[in-house]
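In what follows, a structure is listed as structure tokens, so that the remarks can point back to it.
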Amino acid sequence: MRIRATAAVLFTAALVAGCGGGGDSDAKSSASADAPGSASVSASASAPQAPAQPLGEAQLKSAALTGGDVDGFQITDFPVKPDGDSTARPADCQPLENMRTASPDPGPQAFTGLLAHPGAGPAAGSATTIGLMAYDRSGAEAILEGLRTALKKCTAYEGGVPARTTAKAATAPEVGDDAVAFALQSERDSADAFVVVRSGATVVLFYTASGTGSEAEVPEALVAAQIRKLEA
């Protein structure tokens, strides 16, 4: 089972890690066709407006999922903050390694972390790590663009815990203002799945480790529920 890897990878130095109100009237961005892993999202008049200012730690905590918010998942806090110091070679891949360790560059102004276990708890299957990260609007946009650029240039890298990691863009969900999805696969292991969503000035990381020998998938229900609660 890779639940241990989720905790170690995303919230420790080995592998892992607020919300002033204010509407954002910008239309949701539509990712261009030459941007792999990006979502094509359109604004609607009835869509909630994402906070455009950085959220404080208490506001991120309030916006984070809790037990009972998503049927079929147990949600627990994961308060350990990221302390990533992992170098990817070549450097074009660094944004992907940064997100794998939940340590994007630059770091967020505030952070809150969760673990979502399917079923009754940790023994039921692979956990999904959720990290809510507060930036200003331009900083949040830059994080997503950095990932998108890395996915255009990076197919494999060395560094971090695995000896060699391959990277592959995936189809991102149509949520938030922008989203990028990708898979990272280390040697002799199955691919882990990542979805990174920007909603206003907040970046939300979803990371699901492979726990059964097959490629992992980030549960759509978790992504939808978390972004919906953030934008409520």
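At least one side-chain heavy atom of L205 sits less than 4.5 Å from a side-chain heavy atom of M133.
Here the straight-line distance linking atom OG1 of T129 with atom CZ of F78 works out to 6.5 Å at 0.5 Å rounding. Within the model, atoms CG of D77 and CG of L115 stand 9.5 Å from one another, a figure rounded to the nearest 0.5 Å. With values rounded to the nearest 0.5 angstrom, R164 atom CZ is found 12.0 Å from S186 atom OG.
The two residues G200 and A140 come nearest to each other via the heavy atoms O-CB, 4.0 Å. Residues V197 and A179 share a closest heavy-atom pair of CG2-CB, 4.1 Å. Listed here is the closest heavy atom pair of A191 and S210: O-CB, 3.6 Å. Nearest heavy-atom pair across P219 and T208 is CD-OG1, 3.6 Å. In terms of heavy atoms, Y157 sits closest to P90 at CB-CD, 4.0 Å. Here the shortest heavy-atom pairing between C93 and A156 reads SG-O, 3.7 Å.
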Applying side-chain contact (heavy atoms from CB on, under 4.5 Å) to T66 and K229, what does each step give before you reach the verdict? CA-CA 10 Å; T66 59; K229 187 171 183 179; 3.8 Å; yes
Begin with the C-alpha distance, continue with both residues' side-chain angles, and end with the deciding distance and a verdict on side-chain contact (heavy atoms from CB on, under 4.5 Å) for K168 and T166. CA-CA 7 Å; K168 182 180 179 181; T166 58; over 6 Å; no
Verify side-chain contact (heavy atoms from CB on, under 4.5 Å) between D69 and I75, making sure each step is shown before the conclusion. CA-CA 8 Å; D69 283 343; I75 309 294; 5.7 Å; no
Start with the C-alpha gap between D178 and R148, add the side-chain angles, then the distance that decides, and say whether side-chain contact (heavy atoms from CB on, under 4.5 Å) holds. CA-CA 11 Å; D178 194 7; R148 188 170 290 114; 2.8 Å; yes
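In summary, of the residues considered (L65, V195, I227), a side-chain contact (heavy atoms from CB on, under 4.5 Å) with L222 occurs for L65 alone. No option in Q94, E158, E97 other than E158 meets the side-chain contact (heavy atoms from CB on, under 4.5 Å) test with R89. Screening D192, L96, L184 for a side-chain contact (heavy atoms from CB on, under 4.5 Å) with T165, the sole residue that qualifies is L184.
The backbone N or O of E145 sits less than 3.5 Å from a side-chain atom of T149, completing a donor-acceptor pair.
Other residues, nucleotides and ligands contribute only 12 or fewer heavy atoms inside 6.0 Å of the CD atom of E217.
In this structure, the side-chain contact (heavy atoms from CB on, under 4.5 Å) partners of A64, at least two apart in sequence or on a different chain, are T112, L114, L132, Q226.
A salt bridge is absent between K61 and E57: the closest approach of a Lys/Arg side-chain nitrogen to an acidic carboxylate oxygen does not fall below 4.0 angstrom.
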